Amino acid sequence: MPAARSWGVLGPWMPIQAVHLPTMPDDTTPPAAPEHPRLDALLDNWVLYQRTGGTRHLRVATSRYFAAGSADFDTMIAQCDSRDAIVFDTCVWDLRPAERSAIMHVHLAAVWRPQHEPLDVVYARARLSLSAALVRRRVP
């Protein structure tokens, strides 16, 4: 007859083995995600869109819907710019508050209230977050 085992409260006692994960040396940093190739152009388009009150190239200022079929090539390009600016504006508002403030301070001269991190660090992180958001939204 086998010896009786003591189960206790949590079951049989088993030794926990230490797990050793490989560590990264201190002098190397993980590679950063690449920025979206058109990030600067989209930022410039968004700034122009914001400075005109968000109504640039829209047929009806209060509507975010566009008429299908353009009269000419320039109108079509203007509508595409407006759509890109609206998508980019959505990406900016999806950022964390500190990152959104940094983007608006650098590009729209909004007031930067001192945070726990310097502006350049938060701005760099915001650019990477915007790049990731643009890829997620499949902005070409």
Side-chain angles (χ1 to χ4, degrees):
M1 179 171 199
R5 299 175 106 182
S6 171
W7 282 78
V9 178
L10 299 175
W13 180 82
M14 297 178 69
I16 298 175
Q17 296 178 351
V19 177
H20 297 287
L21 298 174
T23 58
M24 185 176 278
D26 292 336
D27 59 345
T28 61
T29 57
E35 282 193 351
H36 192 275
R38 292 185 51 226
L39 183 62
D40 290 325
L42 290 169
L43 265 167
D44 292 340
N45 183 40
W46 175 74
V47 167
L48 182 60
Y49 182 81
Q50 290 295 317
R51 288 190 177 153
T52 58
T55 59
R56 180 176 56 106
H57 303 305
L58 298 177
R59 293 173 190 256
V60 179
T62 59
S63 175
R64 291 209 173 200
Y65 298 99
F66 301 96
S70 301
D72 60 349
F73 182 75
D74 292 334
T75 306
M76 181 183 68
I77 296 300
Q79 287 178 352
C80 289
D81 285 345
S82 292
R83 288 181 190 145
D84 284 346
I86 290 170
V87 170
F88 196 86
D89 189 48
T90 304
C91 293
V92 168
W93 281 98
D94 286 345
L95 294 174
R96 293 183 205 155
E99 294 172 354
R100 183 172 56 242
S101 296
I103 290 288
M104 290 183 173
H105 173 73
V106 171
H107 293 284
L108 298 176
V111 176
W112 168 258
R113 303 205 191 277
Q115 304 289 330
H116 298 290
E117 296 175 291
L119 174 64
D120 55 345
V121 172
V122 178
Y123 179 71
R125 190 173 60 230
R127 286 181 65 97
L128 291 176
S129 297
L130 279 174
S131 294
L134 291 171
V135 169
R136 272 195 317 271
R137 292 178 188 268
R138 296 188 178 118
V139 174

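Residues: numbered from 1 along the sequence shown. Fair warning: this is a prediction, and the values are worked out from it, not measured in the lab.
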Same apolar cluster: V121 and L95, side chain cutoff 4.5 Å: no

F88-V135 co-clustered via ILVMFWY side chain contacts under 4.5 Å: no

Taking all non-hydrogen atoms of both residues, which atom of [X] and which atom of [Y] are closest, and how far apart?
X	Y	value
A85	N45	N-ND2, 3.7 Å
M104	W93	CE-CZ2, 3.6 Å
H36	L134	CD2-CB, 3.7 Å
S131	L39	OG-CD2, 3.6 Å
A98	V122	O-CG1, 3.4 Å

side-chain hydrogen bond (donor to acceptor under 3.5 Å, both in side chains) involving H107 - partner list, sequence neighbours excluded: Y123

Partners meeting side-chain hydrogen bond (donor to acceptor under 3.5 Å, both in side chains) with D40 (sequence neighbours left out): R127

Test item: H105 side-chain N/O and V111 main-chain N/O as donor-acceptor pair under 3.5 Å: no

[X] vs [Y] side-chain heavy atoms within contact, under 4.5 Å:
X	Y	result
D84	R38	yes
T75	D72	yes
D89	Q50	yes
L128	E35	yes
V92	W46	yes
D81	Y49	no

Pairwise salt bridge (Lys or Arg N to Asp or Glu O under 4.0 Å) hits with a residue in residues 130-140, at least two apart: D94-R137

